[in-house]
Every structure is written in structure tokens, then in C-alpha cells.
Peer 1: 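Okay, here's the structure, questions in a sec.
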Amino acid sequence: MTRFRDLGLRVGLLPPGPLNAITDVGGVTVGTTTLIEGDGPLGVGKGPIRTGVTAIVPNTGIGAEPLFAGCHTLNGNGEMTGLEWVRESGCLTTPVAITNTHSVGVVRDAMVSYEVRGHPQRGAFWSLPVVGETYDGALNDINGMHVRPEHLFAALDAAAGGPVPEGGVGGGTGMICHDFKGGTGTASRLVEGTWTVGVLVQANQGYRERLMVDGVHVGEEIPYAELPSAWDQEEAIGRAGEGSIIVVVATDAPLLPHQLERLAQRAGLGVALVGGGGGNSSGDIFLAFSTANAGRMKSYKTGTPEEPLAVDMVPDASITPLFWGAIEATEEAILNALVAADTMVGRDGITAHALPHERLVDIMTRYGRGPGG
């Protein structure tokens, strides 16, 4: 797997964490299940299959020990379940999963089943899982409903720290970004030598001509005549779908819910730096959570009475560097999704071409942004 910085390129001013991934935030783990099967013409319910699911586990005790969280929607033509309770309570109470548009329901229900396994059979229990989506119907038999509960279970069971798979994997398997092959990407930033901000994206947004890398209009330099767009191929067969992006921001900085809502909002600026604009038919939904106060709050679903408790917070006057961490990490996570993704041929022979690495480096070098520039 090749990442953006492996090409000798860089964006932003803040240093990345050791892994340059969301897993640089202590306790955060990620697991993926990737489904790739079949070739040729679309047969609904048969394939070809190009999809999957990504699971982000904020910490091992998330079901009993909520974390402060906030969210933001840049454009709402998309879905992320459970956000009403995040907004109301200011807390995240489950892992986060990302899949394709038509598999949100089964993944959401599977998350409930997974949580139920860890609770006694007697007594009341309920769950409002957080599950997001983007559309992969250009490459995948999206109406075939190929994601099943066991795929979510496998992603959760496989969730681990360390390097995160990127490109056409997990929920990002069939995604297209700025008319190139997109998918799953991650990055992180170290802020003020104290805090870490990590981001994971499922990148399926944007137009070719708008693609920017470190301020360079890369998309304009690689015309459709050179590398066709999978969206155009889908439109030639039938009505083309639209792209979206899900961004999950994690930090170990002690932020309260209103501050995390502000942090989530800044992910939109990272999307914009790469050329995304939250178009009318795009679902651009962002979630941010903090691991800093882990263990201090207990879920009232456990029946444990709560006494007043003390929590830490960063003063609002000191939060701006964290905003930049979220902006830069989102920008680089999208670029990692693009660079890590390989060309993929999907249903009906529709092809999502990878962003060509040599062309990218050449373009960046000509504009003074290449390796060593």
C-alpha cells in the first residue's frame, strides 16, 4: 500500500503522528471487512460485489463508558444513524461503522446484536448505533444487499491499533473520489506537542476538475480523455449516482460536546482544501469524539446512579490549534485514500482509475510542490 507521503509529498504545517492514522489517538482501533466478488454485467442479488464495512472502536469500554462527542453536516443528502442522540446527549455510546448507502440498516441492526451479546438476557437494554454511508453503486451491486451481519461482526472483532488499511477496502471498497478511485483514508496531526487529532474518511466526493493537492489544481492536469470517469460510464448505462464523504475525527484533547461540534465542523475545511464543496446531492457528514475523559462517565443504561463528576476541558481560547489539526488531518486522509487506492473494475465493466502516482509527482514538481520542494 502506497500513501501520500511515500511519494515524497506533504501537505500542511503540523507534524503527523507516528502512524499518521486515527489509531495514533490512544485506545482507538479500526477493523475492516472487504467484499470483492465476480465480474461482468450486473445481476441484482448476484453481483459483481465491490463493497464492505469499516468499524471504528473509540475504546474497549464504549458501551458502558460514553465519550463526549459532537457532529456536523455540511450537506445532508446522506445518512449517519444515531446522530440525534449524539446531539441531544453530547455523547457517543457505540462504535462507529461506515458502509454503502443501502446497507446502513443491516449494519445498524448488526451493531445492536453485537452489543446485546455483552449484556444479560434479562433487563432492559437499548442501543442507538452510529452508522454512516456513501454510495458505491457505480462499481457495486448496491441493490443486492451483500453486506450481512457477520461482516460487521468480523470488522469489529478484527479492530486493532496500528496501521489502518486504506484505499479500496472496508466500506470504501467501491468508492470514487474526484473521479478517481477513492475509498478509506486516514491521517493524524500532533498539536502543540500535547494533543493528537486523528481522522478517518470514506471518500466518495468531488469532481475531477476541482481536485487540488496542496493548492495545485491536479485534476485539471489529468483530463477525462486521458483517464475516463467511472461516473460518466455509469451515466452512459443509466442515471449516475452522486458522491459523498463521511469524516470521523478522534482526539485525546479534553473537549466538551460543544467544542467537539466545532471540531467536526472544521473537517469541512479539510474537504474543501482538496476541492470538495458539499454539492446538492452529496452527503457530507462529520463526527468528532474525545477519548480524554474516558472512564469518568457511566452509561445510565447500566442502572448505576450518577453523582456529580469533574471533567477536564481545553479552554475555548486555546482550541484553534486543534481546529487546524482536524483540517490538515482531513485533507491528508482524503489524499491517502486517493493514493492508496488501486484501479478497480466493477459491475458492467465500469472502471474507476487510480490517481496515477508518477503523474501526481510530476505535476506537483512542476508547480514547486514536489519531493524536496
Peer 1: Which heavy atom of Met111 sits nearest a heavy atom of Ala97, and at what distance?
Peer 2: CE-CB, 3.8 Å

Peer 1: Under 3.5 Å, is there a donor-acceptor pair linking the side chains of Asp362 and Thr365?
Peer 2: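 Per modelled atom types, Asp362 and Thr365 side chains form no pair under 3.5 Å.
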
Peer 1: Under 3.5 Å, is there a donor-acceptor pair between the side chain of Asn336 and the main chain of Phe4?
Peer 2: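 Checking the backbone N and O of Phe4 against the side chain of Asn336, a donor-acceptor pair under 3.5 Å is found.
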
Peer 1: Could you label the plane-to-plane angle of the Trp126 and Trp85 rings as parallel, tilted or perpendicular, counting under 30° as parallel and over 60° as perpendicular?
Peer 2: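 Because their plane-to-plane angle is over 60°, the rings of Trp126 and Trp85 count as perpendicular.
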
Peer 1: Got a donor-acceptor contact below 3.5 angstrom from the Thr184 side chain to the Gln202 backbone?
Peer 2: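 Answer holds: no.
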
Peer 1: Once you round to the nearest 0.5 Å, how far does CG of Leu287 lie from CG of Leu83?
Peer 2: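 So the gap between those two atoms works out to 6.5 Å.
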
Peer 1: Are the side chain of Ser318 and the backbone of Val314 linked by a donor-acceptor contact shorter than 3.5 Å?
Peer 2: no

Peer 1: Determine, step by step, whether Cys71 and Arg87 satisfy the side-chain contact (heavy atoms from CB on, under 4.5 Å) criterion, reporting the C-alpha distance in whole Å, the side-chain angles of both residues, the deciding distance to 0.1 Å, and the verdict.
Peer 2: CA-CA 7 Å; Cys71 55; Arg87 294 185 185 100; 3.6 Å; yes

Peer 1: Just wondering, do Asp284 and Thr73 contact through their side chains at under 4.5 Å, heavy atoms?
Peer 2: no

Peer 1: Is the closest side-chain heavy-atom distance between Asn293 and Leu67 below 4.5 Å?
Peer 2: no

Peer 1: Could you tell me whether the side chain of Leu360 reaches within less than 4.5 Å of the side chain of Val213, counting heavy atoms only?
Peer 2: yes

Peer 1: Please test Ser282 against Asn77 for side-chain contact (heavy atoms from CB on, under 4.5 Å), starting from the C-alpha separation and ending with a verdict.
Peer 2: CA-CA 5 Å; Ser282 187; Asn77 193 354; 5.9 Å; no

Peer 1: Between Val104 and Gly132, which heavy-atom pair has the shortest distance, and what is it?
Peer 2: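 Where Val104 meets Gly132 most closely, the heavy atoms are CG2-O, 4.3 Å.
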
Peer 1: Please list, chain by chain and in numerical order, all residues satisfying side-chain hydrogen bond (donor to acceptor under 3.5 Å, both in side chains) with Asp312, sequence neighbours excluded.
Peer 2: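 Asp312: side-chain hydrogen bond (donor to acceptor under 3.5 Å, both in side chains) contacts with Arg296.
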
Peer 1: Is any NZ, NE, NH1 or NH2 atom of the basic residue among Asp141 and Arg347 found under 4.0 Å from an Asp or Glu carboxylate oxygen of the other?
Peer 2: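 Salt bridge: no.
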
Peer 1: Would you check, one step at a time, whether the test side-chain contact (heavy atoms from CB on, under 4.5 Å) holds for Leu14 with Leu190?
Peer 2: CA-CA 7 Å; Leu14 296 172; Leu190 303 179; over 6 Å; no

Peer 1: Hey, what do you get for CG (Leu9) to CG (Asp6), rounding to the nearest 0.5 Å?
Peer 2: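 Result: 10.0 Å between the selected atoms.
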
Peer 1: Under 3.5 Å, side chain of His357 to main-chain N/O of Leu7, donor-acceptor pair present?
Peer 2: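 Not a single qualifying donor-acceptor pair exists.
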
Peer 1: Would you say Thr351's side chain and Val345's backbone share a donor-acceptor pair under 3.5 angstrom?
Peer 2: no

Peer 1: Following the transitive rule for hydrophobic clusters with a side-chain heavy-atom cut-off under 4.5 Å over Ile, Leu, Val, Met, Phe, Trp and Tyr, establish whether Val30 and Val96 coincide in one cluster.
Peer 2: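 Same cluster: Val30 reaches Val96 through Ile, Leu, Val, Met, Phe, Trp or Tyr contacts under 4.5 Å.
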
Peer 1: Would Ile285 and Ile176 show up in the same hydrophobic cluster when neighbours are defined by side-chain heavy atoms closer than 4.5 Å?
Peer 2: no

Peer 1: Could you verify whether a donor N or O on one side chain and an acceptor N or O on the other, from Ser244 and Gln205, lie under 3.5 Å apart?
Peer 2: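 Per modelled atom types, Ser244 and Gln205 side chains form no pair under 3.5 Å.
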
Peer 1: Verify side-chain hydrogen bond (donor to acceptor under 3.5 Å, both in side chains) between Asp157 and Tyr114, making sure each step is shown before the conclusion.
Peer 2: CA-CA 10 Å; Asp157 289 340; Tyr114 193 89; 2.6 Å; yes

Peer 1: Just by distance, do the side chain of Arg50 and the backbone of Gly38 share a donor-acceptor pair under 3.5 Å?
Peer 2: yes

Peer 1: Within the side chain of Thr194, is there an N or O that forms a donor-acceptor pair under 3.5 Å with the backbone of Glu192?
Peer 2: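 Side chain of Thr194 to backbone of Glu192, a donor-acceptor pair under 3.5 Å: yes, one is there.
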
Peer 1: Look at Arg359 together with Glu226 and state whether they make a salt bridge at an N to O cut-off of under 4.0 Å.
Peer 2: yes

Peer 1: Test your reading of the model: is there a side-chain donor-acceptor pair from Asp252 to the backbone of Val25, 3.5 Å cut-off?
Peer 2: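 No; judged by distance alone, with no hydrogens or angles, the pair does not exist.
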
Peer 1: In this structure, are over 12 heavy atoms from other groups packed under 6.0 Å from Arg210 atom CZ?
Peer 2: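 No, the 6.0 Å shell around CZ holds no more than 12 heavy atoms from other groups.
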
Peer 1: I'd like to know whether Val106 forms a side-chain contact (heavy atoms from CB on, under 4.5 Å) with Met145, so could you lay out the CA-CA distance, the side-chain angles of the two residues, the decisive distance to 0.1 Å, and finally the verdict.
Peer 2: CA-CA 9 Å; Val106 68; Met145 311 295 183; over 6 Å; no

Peer 1: Following the transitive rule for hydrophobic clusters with a side-chain heavy-atom cut-off under 4.5 Å over Ile, Leu, Val, Met, Phe, Trp and Tyr, establish whether Val247 and Ile56 coincide in one cluster.
Peer 2: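 No; Ile56 is not reachable from Val247 via cluster members.
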
Peer 1: Classify the side-chain pair Asn100/Thr51 by whether it contains a donor and acceptor separated by less than 3.5 Å.
Peer 2: yes

Peer 1: Who pairs with Tyr367 by side-chain hydrogen bond (donor to acceptor under 3.5 Å, both in side chains), at least two apart in sequence or on another chain?
Peer 2: Glu221

Peer 1: Report the distance from atom CD1 of Ile98 to atom CE of Met80, rounding to the nearest 0.5 Å.
Peer 2: 6.0 Å

Peer 1: Quick one, Pro95 and Ile62 - any side-chain contact, counting heavy atoms below 4.5 Å?
Peer 2: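 The answer is yes; the side chains approach within 4.5 Å.
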
Peer 1: Provide the closest heavy-atom pair for Ile350 versus Glu234 in the form atom of the first, atom of the second, distance.
Peer 2: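 Looks like CD1-CA, 3.7 Å.
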
Peer 1: Do Val28 and Ile246 belong to the same hydrophobic cluster, where Ile, Leu, Val, Met, Phe, Trp and Tyr are linked whenever their side-chain heavy atoms lie under 4.5 Å apart, directly or via other members?
Peer 2: yes

Peer 1: Using the six-membered ring of Phe286, assess whether NZ or CZ of Arg266 lies under 6.0 Å from its centre and within 45 degrees of the ring axis.
Peer 2: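 Negative - Arg266 is either too far from the ring of Phe286 or too far off its axis.
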
Peer 1: Go through the steps for Arg208 and Asp232 under the test salt bridge (Lys or Arg N to Asp or Glu O under 4.0 Å), then give the verdict.
Peer 2: CA-CA 12 Å; Arg208 172 81 59 87; Asp232 291 342; over 6 Å; no

Peer 1: Side chains of Phe180 and Leu211: does their closest heavy-atom pair fall under 4.5 Å?
Peer 2: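 Answer yes - side chains close enough.
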
Peer 1: Look up atom OG1 in Thr101 and atom OH in Tyr135, then write down how far apart they are to the nearest 0.5 Å.
Peer 2: 8.0 Å

Peer 1: How long is the span from the CG atom in Leu338 to the CD atom in Glu166, to the nearest 0.5 Å?
Peer 2: 11.0 Å

Peer 1: On a heavy-atom basis, which atom in Val197 and which in Ala329 lie closest, and how many Å separate them?
Peer 2: O-CB, 4.2 Å

Peer 1: What distance separates Asp39 CG from Glu37 CD, expressed to the nearest 0.5 Å?
Peer 2: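 Between Asp39 CG and Glu37 CD, I get 10.0 Å after rounding to 0.5 Å.
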
Peer 1: Tell me, do Leu269 and Leu273 make a side-chain contact under 4.5 Å, heavy atoms counted?
Peer 2: no

Peer 1: Do Thr251 and Thr291 touch side chain to side chain, with heavy atoms closer than 4.5 Å?
Peer 2: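 They are not in contact (no side-chain heavy atoms under 4.5 Å apart), so the answer is no.
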
Peer 1: Provide the closest heavy-atom pair for Ser290 versus Ala253 in the form atom of the first, atom of the second, distance.
Peer 2: OG-O, 2.6 Å

Peer 1: Please find the pair of heavy atoms, one from Pro165 and one from Thr32, that lie closest to each other, and give the distance.
Peer 2: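 In this case the closest contact between Pro165 and Thr32 is CG-OG1, 4.1 Å.
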
Peer 1: Hydrophobic cluster membership, with links at side-chain heavy-atom distances under 4.5 Å among I/L/V/M/F/W/Y: are Met175 and Ile36 in one?
Peer 2: no

Peer 1: Has the side chain of Arg262 got a donor or acceptor atom that lies under 3.5 Å from a matching backbone atom of His258?
Peer 2: no

Peer 1: Looking at Gly17, is its backbone amide N or carbonyl O close enough to the side chain of Asn20 to form a donor-acceptor pair, meaning the two atoms are under 3.5 Å apart?
Peer 2: no

Peer 1: Assess the residue pair Glu332 and Arg189 against the criterion (salt bridge (Lys or Arg N to Asp or Glu O under 4.0 Å)); give the C-alpha distance rounded to whole Å, side-chain angles, the decisive distance to 0.1 Å, and a yes or no.
Peer 2: CA-CA 10 Å; Glu332 187 161 346; Arg189 288 294 186 270; 2.7 Å; yes

Peer 1: Does any part of the side chain of Thr173, heavy atoms only, come nearer than 4.5 Å to the side chain of Asp136, both counted from C-beta?
Peer 2: no

